[in-house]
Every structure is written in C-alpha cells, then in structure tokens.
Amino acid sequence: MPELPEVETVRRTVSAALLGCRAEGVGVATVKMRLPLDGERWRRLVPGRRLEALDRRGKYLLARFEDTGAVVHLGMSGRLLVAAPGQPVLPHTHLVVHFEGGRELWFVDPRRFGFAVVMPVEGLKAFPPLPELGPDPLTGDVEGALAAAACRQRAPVRSILLDQRVLAGIGNIYACEALFRAGIRPQRSVAELGARRRARLAVAVREVLQDALAAGGTTLADGGFSASDGQAGYFAVQLAVYGREGAPCRRCSRPVRRQALGGRSAYYCPSCQR
DNA sequence: ACTCGCCTGTCG
DNA sequence: CGACAGGCGAGT
C-alpha cells in the first residue's frame, strides 16, 4: 500500500494528533511480523515518554519518544490509526500505544510485512537500511540520483525507481505513473535514456509525488489505505496507468498494457511511452 | 537481474 | 480455485 505520499500523509496526521503527548502504556498482540514485535521492549522503553518528533525517511517513519526511538514500516498493508479511547480495535491490530487523555495509536497490519521496533534513540539513524537510502525525491536531487544510476545500472528504469538506495520512497504505483508522465517505457534502461529524457523523468517523479501528496495519497478500491484519522486519499481518480490494464489510455485512448517486470506488474501505454 | 517467500484478503 | 496485491530481502 503505502509509498511516499501515503507515509507522509500518515506522518502528518499522526503528528497533528499526538505530537507532544505522553505515552502512558502499550498493548501488544504478539504475532510474527517481518521483524519481531517485541512487547517487552515497547513496554519498557515507551511509557512515560512524550512523542517529541515523527519524521520520515523514504517509506520509514521514525518516532522519537524522548530518549527512545522507534522505526515503523507499513509494508504492504500496514496502517497507523489514531483512535478515541475505548474504540473496539480492528482485526490485525498488533500494537496499541495509549496516550495521556485516552487517545490511542494503533499499528494495524493484516499481511504483517511491516514492522515496529524500538531502541535507544541513538540507534535510530544507524538502523538498517536507513543509512543506505537514497535522497528523498521531494527534497533531494532526483536528477543527480538518476544520473548516478545511469552510469552503473543497466536494469530497467522501473527497477531503478523502485530501488530505495537510488531514491527513497517510490513504489510500484508512482514508478508506473512517473514513467507515464515522462513518456518512458518501464523496460527501458536508464543508461540508454539520455540526459534530456532523464531530466524529464526527474520532473515527472517529483510532480507525481507532489500531486499524490496533495490528494492525501492513493486509496485503492479495497480501502486498504487511509490517513490516521480514517480519511481516504483521492489520488486514485488521477491514476493514468496503474491498475488500468485494458482500459483506455487517458491521453490516446489505446488500451493500457500490463507486463510482469522483475516479478511485479508494470503498467504502461505502449503508444504514449517509448 | 530475476524468483521466491513472507502473510492475509479480495476478486474473477 | 488461482491470480494478484502498495514491500523487501534472501537466495540464485
């Protein structure tokens, strides 16, 4: 589910609701996650501390509870929801942080590809793979990152965009959408693009992420994503190719094609994208 | 540079 | 029932 615009939307809504609030207790339903959800550590390191900061690196959320740090990744189906006291928890709620005043922060993740880990705050920056992540496409040098990748990479450009060490935060939806906006086929290699089309792609990446963020992210038909206040994102209506196999291209009306690339579906318009 | 596995859920 | 799903990392 969550790529940069969705994670940033979550960061903003959780921050608005809980920044400065003191955690009073933690509830953990122990299940096997991608990384173990260690209830004992959460109960030892978080209660009694105020949530002082909630930052984002790519798709990772970094929380600071005074001298305690936490890293949350939402995987494919993870959500962070702010709930009123006593609200019945959703299925697959693995972690509940109780804040002063009664509000709760839920970590819900049906598929359990996400994780939520705590550590002393000094350990946050070094937590793998955070040090390896590339620049943030909203604030960093997208053009430079793509140019650097062009020197050494012969992989399809879609794979380059998904590589979090090149740029941090792009997933399959926005990789496909950025390539459509740039008029580039997903299977092209960055090396063969040339500086001009590379620059066009850099612009497209930034624009599609900004547009999606402005819309509050993409909530697909299954409703699997929402901001932490439950608000759906409405970028889905603007998707040009993602999930639209066989549907008419919004620009030229010819059918959108889907092709497996590196094990994941690439959606593109064979006529608008070369 | 691809394939698979990790999980649950939904859709055809 | 199989195919597929916003991610990622360990294997080839």
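A note on names: the letters A, B, ... follow the listed sequences, proteins ahead of strands, and every chain is numbered from 1. In what follows, every heavy atom counts, from backbone to side chain, and hydrogens, waters and symmetry copies are set aside.
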4.5 Å side-chain heavy-atom contact, A:Arg250 and A:Arg244: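 Side-chain contact under 4.5 Å: yes.
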For [X], answer base if it contacts any base atom (sugar-phosphate contacts may also be present), sugar-phosphate if it contacts only those atoms, and nothing otherwise; contact means non-hydrogen atoms under 4.0 Å.
| X | value |
| --- | --- |
| A:Tyr242 | sugar-phosphate |
| A:Gly171 | sugar-phosphate |
| A:Asn172 | sugar-phosphate |

Rounding to a whole Å, what distance do you find between [X]:[atom1] and [N]:[atom2]?
| X | N | atom1 | atom2 | value |
| --- | --- | --- | --- | --- |
| A:Leu167 | C:dC8 | CG | P | 13 Å |
| A:Leu74 | B:dC6 | CG | P | 22 Å |
| A:Arg258 | B:dG12 | CZ | C1' | 13 Å |
| A:Leu133 | C:dG7 | CG | P | 14 Å |
| A:Leu37 | B:dC6 | CG | P | 20 Å |
| A:Phe115 | B:dC7 | CZ | C1' | 16 Å |

Tell me which nucleotide among C:dC8, C:dG7, C:dA5 gets nearest to the side chain of A:Ser265.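 So the side chain of A:Ser265 is nearest to C:dA5.
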With a 4.0 Å limit, can you tell me whether [X] has a side-chain N or O closer than that to the phosphate oxygens OP1/OP2 of [N]?
| X | N | result |
| --- | --- | --- |
| A:Tyr267 | C:dA5 | yes |
| A:Lys59 | C:dG7 | yes |
| A:Arg264 | C:dG7 | yes |
| A:His92 | B:dG9 | yes |

Using 30° and 60° as the class limits, which term best fits the ring planes of A:Phe65 and A:Trp42: parallel, tilted or perpendicular? perpendicular
Reading DNA chain B from 5' onward, which residue's closest nucleotide shows up sooner: A:Phe113 or A:Leu261?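 Looking at DNA chain B, the more 5' nearest nucleotide goes with A:Leu261.
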Under a 3.5 Å cutoff, is there a donor and acceptor pairing between the side chains of A:Gln87 and A:Glu104? no
